[in-house]
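Notes follow once the structure below has been shown.
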Amino acid sequence: MRAEVGADGPTLRNPAALLARLRDIHDGIRDAVLAACETTALDRLAAVVGHDAGDTVFAIDRVSEAVLLDRFESLAEDWPCLLVAEGLGSDGRAVLPAGTAVDDVEIVVIVDPIDGTRGLMYQKRPAWILTGVAPYRGRTPMLAEITLALQTEIPLLKQHLADTLWTQAGGGAHAERWNRLTGARTPLHLHPSQATTIAQGFGGLARFFPGARTELSAVDDEVAAQLLGPPRAGVALTYEDQYISTGGQLYELLVGHDRWIADLRPLVEPLLAARGQALGLCCHPYDLCTALIAREAGVIVEDAAGNPVSAPLDVFSPVSWVGYANAAIRAAVGPALRAALAANGMKIGDSR
């Protein structure tokens, strides 16, 4: 079967049924990963088993990948698809069902089976399963063409509640909370922060790994100084939370925990290259494939220049992005952030 065609081109066929199937896949991945965490020592789950598309592959990743491929073989019988994810060979792509020509697929599905592996495998922080779906238009879709998105929390073993969030473009953001102990599912209302200042709130720049922390910290400090003034004795003006999961960062914006987040690691690459250093790991399209959920809830997600994030649905492209809880935070932080980036030699292109 082929995708339905609307006035603007191909659209998703029977999106409600597709979402239900994707939720089953997410539940299967979550349950398999939880079972592995319950029965396997942390050092074994954290063992490095390979490298793929510029990222390290840990033993726990193989658990999720096995479920992903098995479940998508079945889904593809009803929605022939181009699956994009790490662990699918050198190009991160698989056409399903096997033997299908790429021009005969109906949808493109980009997946991160475990976003936040490092935090989960050491039982420090929940991880997320991320999925974005775009109708196939005869070429590689862009992030902005995702029209269905789903993210599911993989909780810590000591955590009995876990959340699932989803959206279809134009349909608003939806969420529910699952109780591991009872199996009950209850609606969850998403409320991004309506604060108009970053004072006494969480936010800041992602700087998870060594190599670019000096430059990113300087930008972060300058944004705070522009908006709140210099540090004062005995006063914490604002806070940060280095959640090593893009899906987790979006969740923190969606539920009102954070007021802004910026992951701008690719912007530091020219400065590092001039010193003969490599950037290391950065955000990729599969990390940001559920940004549609945040946008549908009112969160603003854009690049550092203030434009829509633009990247193809692949496993290689570096992605920079900024999330603002609301328009007032964007109006305050955006100009300060761009000024701080320019002052520290980071080029962001033209802003609107």
**For Ala169 against Leu292, the heavy-atom pair lying closest together** = N-CD2, 4.0 Å
**Message:** Testing the basics here: between Arg207 and Arg213, what is the closest heavy-atom pair and its distance to 0.1 Å?
**Reply:** O-NE, 3.5 Å
**Message:** Just verifying a value: how many Å separate Leu69 CG and Leu83 CG, rounded to the nearest 0.5 Å?
**Reply:** 7.0 Å
**Nearest atoms (heavy-atom pairs only) where Leu272 meets Ala278** = CD1-O, 3.8 Å
**Asked** Do any N or O atoms from the side chain of Asn344 and from the backbone of Ala340 form a donor-acceptor pair under 3.5 angstrom?
**Response** yes
**Request:** With the side chain counted from C-beta on, respond yes when Arg13 and Trp79 share a heavy-atom pair under 4.5 Å apart, and no when they do not.
**Result:** yes
**Message:** Is it the case that over 12 heavy atoms from other parts of the model lie below 6.0 angstrom from the OH atom of Tyr122?
**Reply:** no
**Prompt:** Could you go step by step and tell me if Asn307 and Glu302 meet the side-chain contact (heavy atoms from CB on, under 4.5 Å) rule?
**Reply:** CA-CA 5 Å; Asn307 303 313; Glu302 58 189 27; over 6 Å; no
**Request:** Evaluate side-chain hydrogen bond (donor to acceptor under 3.5 Å, both in side chains) for Glu86 paired with Tyr286, printing each intermediate quantity in order.
**Result:** CA-CA 9 Å; Glu86 291 185 304; Tyr286 51 78; 3.0 Å; yes
**Asked** Any donor and acceptor pair, going by atom type alone, linking the side chain of Glu176 with main-chain N or O of Pro187 inside 3.5 Å?
**Response** no
**Message:** Tell me whether Asp115 contacts the main-chain N or O of Thr246 through its side chain, where contact means a donor paired with an acceptor under 3.5 Å.
**Reply:** yes
**Request:** Taking His257 for its side chain and Leu254 for its backbone only, find out whether a donor-acceptor pair lies under 3.5 Å.
**Result:** no
**Message:** Enumerate the side-chain hydrogen bond (donor to acceptor under 3.5 Å, both in side chains) contacts for residues 191-206, please, sequence neighbours excluded, ordered by first and then second residue.
**Reply:** Gln200-Tyr239
**Request:** Could you please spell out the steps behind the side-chain contact (heavy atoms from CB on, under 4.5 Å) verdict for Leu267 and Lys347?
**Result:** CA-CA 7 Å; Leu267 300 186; Lys347 297 181 179 179; over 6 Å; no
**Item:** Arg232 atom CZ, neighbour heavy-atom count above 12 within 6.0 Å
**Value:** no
**Item:** Identified side-chain contact (heavy atoms from CB on, under 4.5 Å) counterpart of Leu68 within the set Ile114, Val111, Asp112, Thr131
**Value:** Val111
**Asked** Which heavy atom in Leu216 sits nearest to a heavy atom in Arg265, and how many Å separate them?
**Response** CD1-CG, 4.0 Å
**Item:** Arg295 vs Ile300 side-chain heavy atoms within contact, under 4.5 Å
**Value:** no
**Gap between atom CG of Asp104 and atom OG1 of Thr100 - 0.5 Å precision** = 7.0 Å
**Message:** I need the Leu12 CG to Leu19 CG distance, nearest 0.5 Å.
**Reply:** 10.5 Å
**Message:** So, taking the atom named CD in Glu240 and the one named CG in Asp258, what distance separates them when rounded to the nearest 0.5 Å?
**Reply:** 10.5 Å
**Fill in**
Heavy-atom closest pair (Leu143 atom, Cys289 atom, distance to 0.1 Å) is CD2-CA, 4.2 Å
**Message:** Tell me whether Glu153 contacts the main-chain N or O of Pro155 through its side chain, where contact means a donor paired with an acceptor under 3.5 Å.
**Reply:** no
**Complete:** What one should report as the nearest heavy-atom pair of Glu296 and Gly172 is OE1-N, 2.8 Å
**Close side-chain approach of Leu157 to Glu38, heavy-atom, < 4.5 Å** = yes
**Message:** Check Asp314 with Arg93, please: is the shortest side-chain N to carboxylate O separation under 4.0 Å?
**Reply:** no
**Request:** For the residue pair Trp128 and Tyr251, categorise the inter-ring angle as parallel (less than 30°), tilted (30 to 60°) or perpendicular (more than 60°).
**Result:** tilted
**Prompt:** Between His284 (side chain) and Cys282 (backbone), is there a donor-acceptor pair under 3.5 Å?
**Reply:** yes
**Message:** Using a 3.5 Å distance criterion without hydrogens, assess whether the side chain of Asp263 forms a donor-acceptor pair with backbone atoms of Trp321.
**Reply:** no
**Request:** Using a strict 4.0 Å threshold on nitrogen-to-oxygen distance, state whether Glu252 and Arg259 make a salt bridge.
**Result:** no
**Tyr136 and Val102: CA distance, side-chain angles, deciding distance, side-chain contact (heavy atoms from CB on, under 4.5 Å) verdict** = CA-CA 9 Å; Tyr136 183 64; Val102 68; 4.1 Å; yes
